[in-house]
Visitor: 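Pasting in a structure now, in structure tokens, and then I'll have a few things to ask.
Note that the coordinates shown come from a computational prediction; the quantities given were computed from them, not determined experimentally. All values below come from the heavy atoms of this structure, side chains included, with hydrogens, waters and symmetry mates left out.
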Amino acid sequence: MKENGQDISQALSITPPDVTEKKLKVRKPYLGLFFLGVFFFMVIFADLISPYDPFASDLSKGTLPPSWQEGGTAAHLLGTDFLGRDQLSRIIHGSRMSLVVSVGCILIYGTIGIILGLISGFFGGKTDMFIMRLSDIWQSVPGLIVILLLVSVIGASAKTVIISIGITGWPQFARVVRGECLSLKERDFVRLARVAGCSNFQIMASHIFPNIINTLLVLSTIQIAGIIVLSATLSFLGLGTQPPSCDWGLMLAEGRQYITYAWWLVTFPGIAIAITVIGFNLTGDWLREILDPKQMLR
Amino acid sequence: MSKKKIISVENLKKYFPITKGFIFTNVIGNVKAVDNISFDILEGQTLGLVGESGCGKSTTANVLLGLEPPTSGQIKFQGEDIAQFSKTQLFSFRRNIQAVFQDPFRSLSPRKKVKQIISEPMSVHRVGLREMQYERVMELLSLVGLSPEHAELYPHEFSGGQRQRIAIARALSLNPKTIILDEPLSALDVSIQAQILNLLIDLQKKFNLTFLIISHDLAVVEHISDNIGVMYLGILAEIAPSDKLYSNPKHPYTVALLESVPIADPDAKVEVSLEGEVPSPLNPPPGCRFHPRCPKAKAECKKTEPEMKEITSGHFVSCHLY
């Protein structure tokens, strides 16, 4: 029988469909993951790998250029700022601030967005309309103005940045969660859960929420990139973290005055921001590709 | 009749309003999905509901399951009206009525293990300790013909027939009196359909279950049902014990449906006995709803809506011909 089967398939020249070929089309995540790897390495081992205390100033060594430029020393690889603080150490420690701010924001607006989105999508009707119009209104007010207001009321600090970005960003989350929830709640397993006697809360928590985690993960990763830029912007404007703390946006702002003769003061923090943002974006795109069940079936 | 009624539906109506306007909404029409149907199901028996798609079969199931409130009419479960139930009564009512839906690929939560899916109704109703629930899951798995190691797998690792077995195990977990089966076989291969159908019949004998089975496949329904109801455009055209319905159909629609069952003979002539489309349930024709397509329609059929009449014992027809 087996030989027969082989004969027939040879005669008809049937070749098995190449499944692996299509799967390879998913983009390679290496560059994004590498950038993120560098970022998290800096976050975790900041105390071990930074050559100097990022706050120790030495005015006698102020504004030293990077080591490869004339006048630079091997002791300060990326040079020093106007107070003689080591640039490299400050960039390494600055990664922690970026992480704290972005994760804090995601937690705040993720929580608000998920709760409102679930309620909106699940109950529908008037509740849905109310929440969605609220989010329309929220989004129609420029975020920066809200943040400026909050900063002037509470006072500029990293905490203010987290809170203010956190409460301005929830509508995007709420909308995505609502959309997913709308399609999930009509699915048969949700109807069966109701037949089994599950309460609304049980259905939302154990049937709908687990099925939107993928989407939320992708959304968060991409949002983090935006938050890092926004928090750097706020620091640059003097509305975010205050000196002498290490923050990439703050370093940019401080270096701006010396840009004509000390290019390294703005360039390196800028590169650090760019690399981290690109890393998060690439990883987010990749996650979206591999976690989307439709993509997997393709 | 010694057996008692377990479910009795009286003059059930379910309309879906169509609204217009944004804040001040007006109802501009109703989709009459289910319009004035009545039937009883006796304990341990099976009622089959057949009809074309869109005739209100699944809406009837949803209303019976308490997923949607009826527009009017009563559903009595063991003599008690479920619309009058308080929240706690409704919760305990749910222990007695469970469901199996059509597509086993959509009716199992994709992110839960089989043991979680099967034991969920038990944990919601706080039946037994965790260990007892686990034992019950094992028992149910063997009842539906699956093996214990399947408990740790996720639904996507199963075939359609196996998934439907999981769905049945879940429906059985609380020892319900009634199970509503909404097209339980139509998503399955023909060879699997027979297996699942036999499984259902075995389970019914073993646990004295009452079934309401909804299908568009007359052959499936004939095999399992004691009584069969034929629905057309939201109304019940005919309801009769299955042997009577198949041997002696009365309503012209039932006759046409039975004629349209394919015969396993390539030379057999296919007679198209029904012409036209099903009218919109938004605006059903006046009089008898079937009259525009009925080969035996009289003048009376266009004016007055026929009443349900019992022509022989247990055989009800809603048609002016009788």
Visitor: Measuring heavy-atom distances to chain B, does A:S206 have an atom under 4.5 Å in its side chain, in its backbone, in both, or in neither?
Guide: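 Both parts, backbone and side chain.
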Visitor: Heavy-atom distance under 4.5 Å between the side chains of B:R111 and A:N214, does that happen here?
Guide: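 A side-chain contact exists here, since the closest heavy-atom pair is under 4.5 Å.
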Visitor: Both conditions, 6.0 Å and 45 degrees, for the charged tip of A:R191 above the ring of B:F101: are they met here?
Guide: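 Ring-cation test returns yes.
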Visitor: With the side chain counted from C-beta on, respond yes when B:F91 and A:S199 share a heavy-atom pair under 4.5 Å apart, and no when they do not.
Guide: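 No, every pair of side-chain atoms sits at 4.5 Å or beyond.
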Visitor: Of all heavy-atom pairs between A:A196 and B:H125, which one has the smallest distance, and what is that distance?
Guide: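 Nearest heavy atoms, A:A196 then B:H125: O-NE2, 2.8 Å.
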Visitor: Among B:V100, B:N62, B:I117, which residue has the highest count of heavy-atom pairs closer than 4.5 Å to chain A?
Guide: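 Max contact count across the listed options: B:N62.
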Visitor: Heavy-atom distances under 4.5 Å only: say whether B:R170 touches chain A with side chain, backbone, both or neither.
Guide: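 Only the side chain of B:R170 comes within 4.5 Å of chain A.
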Visitor: Do you know the tightest heavy-atom contact between A:V195 and B:A99?
Guide: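 The pair with the smallest heavy-atom distance is CG1-N, 3.9 Å.
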Visitor: As an exercise, state the distance from OG of B:S109 to CG of A:N211, rounded to the nearest 0.5 Å.
Guide: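 Interatomic distance, B:S109 OG to A:N211 CG, rounded to 0.5 Å: 5.0 Å.
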Visitor: By a 4.5 Å heavy-atom criterion (distance strictly below it), what part of B:I97 contacts chain A: side chain, backbone, both, or neither?
Guide: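 Contact with chain A: backbone only.
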Visitor: Side chain, backbone, both or neither: which part of B:Q98 has a heavy atom under 4.5 Å from chain A?
Guide: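 Both parts, heavy atoms under 4.5 Å.
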Visitor: Output the distance between atom CG (A:D188) and atom CG (B:L108), rounded to the nearest 0.5 Å.
Guide: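 Rounded to the nearest 0.5 Å, the CG-CG separation comes to 9.5 Å.
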Visitor: Answer whether the closest heavy-atom distance between the side chains of B:R106 and A:E186 falls below 4.5 Å.
Guide: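 A side-chain contact is absent here, since even the closest heavy-atom pair is not under 4.5 Å.
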Visitor: Between A:R187, A:Q202, A:R194, who has the most heavy-atom pairs with chain B when the cutoff is under 4.5 Å?
Guide: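 Looking at each of A:R187, A:Q202, A:R194 in turn, A:R194 comes out on top.
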Visitor: Is there side-chain contact between B:K112 and A:H207, with heavy atoms separated by less than 4.5 Å?
Guide: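 When only atoms from C-beta onward are counted, A:H207 and B:K112 do touch, with a gap below 4.5 Å.
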